[in-house]
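Below is one structure, written out as structure tokens, with a few remarks after it.
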Amino acid sequence: MMQNLLQTPIEYLKGVGPNRAELLKKELKIATYRDLVNFFPNRYIDKTAFYKISQLQRNSSEVQVVGKIVHIKTVEQKRGKRLVADFVDDTGRMELVWFRGHKWIRENLKLNTQYVVFGKTNWFNGMFSMPHPEMELVADYKKNLRTAMQPVYPSTEMLVKKGITNRVIMKLMQELLQQTGLKFIESLNNELINELKLIPKSEALFNIHFPKSQEMLAKAQFRLKFEELFFIQLQLLRRNMLHKQKIKGFNFDRIGENFNNFFHDHLPFNLTNAQKKVIKEIRSDMGSGAQMNRLLQGDVGSGKTIVALMSMFIALDNGFQACLMAPTEILSVQHYNGLKELCQELDVNIRLLTGSTKTSERKEIHEELENGQIHILIGTHALLEDKVKFQNLGLAIIDEQHRFGVAQRAKLWKKNEIPPHILVMTATPIPRTLAMSLYGDLDISVIDELPPGRKPVKTVHRFDSNRLKVFRFIREEIQKGRQVYIVYPLIQESEKMDYKDLMDGYESIAREFPDFQISIVHGQMKPADKDYEMDRFVRTETQIMVATTVIEVGVNVPNASVMIIESAERFGLSQLHQLRGRVGRGADQSYCILMTGHKLSSDSKTRLETMTSTNDGFEIAEVDLKLRGPGDLMGTQQSGVLNLKIADIVKDNSILKSARFYASKILKEDPNLSMEKNLMIKNAYSRLVKNNTIWNYIS
Ligand SMILES: Nc1ncnc2c1ncn2[C@@H]1O[C@H](COP(=O)(O)OP(=O)(O)OP(=O)(O)O)[C@@H](O)[C@H]1O
């Protein structure tokens, strides 16, 4: 019954009718009573205060005054006519002004009758004037629904043009909430309501539209934000839980020869505590009987590779194969060389498969993979091809999730009847709260500690006018035997201009340093040429690498100790941090120099200051999130975190944490929400799952 009422088409609401219904649907996607209830104001105007005309301030914004019109006249102006009314109260006089709608106003306004007027005032010709005020007879004002704060709803030009003003929406909302008999079913349990001191749902929905006070508004907002985030988290956590129950995984409970051998005899350094913790988490996942789906986050240089390798050993020790997939050829080769070196003393067969693997070798790899001779396969997305068949793939590691995406992850799954365990590694720190929502389907491990003895990269900001000094510094470093990166921005919209910048830069550097060898790498080069240039730099045949951001991800040249970033104001924070991560990988002191012109926006300044003040990727990611909002962070588009109606993933961080905490607590105690006390939650949850939109649970 109540469900039905909420689903009532909006044209049945008094005051709507077919034309308005059409408009509301088109402009605001409001088609039913439910849609209207869930259409929230985006701000509120405080209407508790009344001003006397004598109290008006020249810089006041919106004010409310009671008085009467004593005279109306039309004033001819160069730019057209305007209608001016003398409006008085017992303290003074002001003018109400209209530039449009004169006829209607003249016919309808009553002289010498008390009105409440509301609007912005201007100081003009020695007097206050209020253009196009909202007006209401004091008599009506007393009758109508009053709230301390007037809601202001999102609107469109078309709506205003067609007369669906904010006032009209308010009226409709009032009609809906007070005249239709709409009632809302509670969707949280008493425990939550009591513990968090939440107000009842119906009160929250009423106060979000017509707040009785500042305090009630805050309570309404809190309740609805909590509820929104709570149900999202409940859904994510439950999906994850069901996945674990449903999707069986290989049970790797053996820790055998490879792992132990390596751990005891061949580990080149002591693992950090963070690495140990993460390996433990992975071990326990792989031995749990369920399929692992884990995201491994670790700042640049935090030592993810060794964690990947030891996880692969667990698969090998249980008689299975493993693979590692990287987004580019350069990175695959780098991983291949690195892992091969680490495994020198072990009886482990590692192979590399990329787009440029020769046909004969490729064939051999295919065969040896199928008959189990290859233990570990490393490569690019060439690994995803159907021809690549494993004998028994037990663990698939994906480096840099963002470049692959969920669909490709799924493809890896299909390589076996039972899906392999999946470990996704990323060096782009994602703030924890965002990660919770973005990767709700993955468990998350974080390496939050750098190996000991790392010297933090010294980061400075220099203006272009100081370039000569910077050049001198580059020279000194190269003379000490180090190598230098010089990076130029490359954004798609002005690819041509960027290309020109890069080439101009290259030429001026070549002129400045005729005695040094220079590599150049950019996106328009053929992969083979890129690799060739990169390789020269890796082998220290060149001292300077001029590049666009193609070198951003994962390139490892420990001897490179200086990173110069040109037009640094044009880079996002995460990108700057990634670029900086290319130096500081060896024993030497490293430097990152951010070059800019003098004109900088305040956001650019914040970014540069953040970079020069911290090396902590997670801290940087938090600032980035605050500056840009989640919309610009990679991967968010597809995730639905942006479809939040009332909560803000950045500002409501603490509500999100608490929502996550309680969702998880409830599921732990009552995984299927079958307990009596969770009935309300269960009902709301089923509606949510059925309709696949969070906000349909409101009812
Ligand atoms: N516990 C440790 N103690 C000392 N050195 C370590 C430790 N763990 C890793 N390293 C070294 O630190 C360097 C960086 O490690 P690795 O390449 O695994 O980082 P990463 O997390 O993959 O970073 P990036 O994403 O930037 O490539 C390597 O040279 C590695 O040998």
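Indexing begins at 1, ligand by ligand and atom by atom, following the structure's order. Residue numbers count from 1 along this sequence.
Ion pairing between Glu569 and Arg607 fails under the 4.0 Å rule for side-chain N and carboxylate O. Here Lys626 does not pair with Asp603 in a salt bridge; the nearest charged N to carboxylate O distance is not below 4.0 Å. No salt bridge links Arg472 with Glu477; every basic N to acidic carboxylate O contact stays at or beyond 4.0 Å. In this structure, Glu329 does not pair ionically with Lys530, as no charged nitrogen and carboxylate oxygen lie closer than 4.0 Å. Between Glu361 and Arg351 there is a salt bridge, since at least one side-chain N of the basic residue sits less than 4.0 Å from a carboxylate O of the acidic one.
Among residues at least two apart or in separate chains, there is no salt bridge (charged side-chain N to carboxylate O under 4.0 Å, His left out) pair with a member in residues 453-462.
Contact between Gly301 and ligand 1 is present, with at least one heavy atom of the residue lying under 4.0 Å from the ligand. Within the structure, ligand 1 has Ser302 among the residues with a heavy atom less than 4.0 angstrom away.
Residue nearest to atom 13 (C) of ligand 1, selected from Arg585, Lys276, Arg582, Arg454: Arg454 (by heavy-atom distance).
Of all the heavy atoms of Met425, none lies under 4.0 Å from any atom of ligand 1, so neither backbone nor side chain is involved.
The ligand atoms of ligand 1 that sit less than 4.0 angstrom from a heavy atom of Leu271 are 1 (N). Listed by number with element, the atoms of ligand 1 under 4.0 Å from a non-hydrogen atom of Thr305 are 16 (P), 17 (O), 18 (O), 22 (O). Set against the non-hydrogen atoms of Asn270, the atoms of ligand 1 under 4.0 Å away are 1 (N), 2 (C), 3 (N). The distance from ligand 1 to the heavy atoms of Thr272 drops below 4.0 Å at these ligand atoms: 1 (N).
Annotation: Pro451 places no N or O atom under 3.5 Å from an N or O atom of ligand 1; distance criterion only.
Outside the 6.0 Å centre-distance limit, the rings of His375 and Phe320 are not counted as a close aromatic pair.
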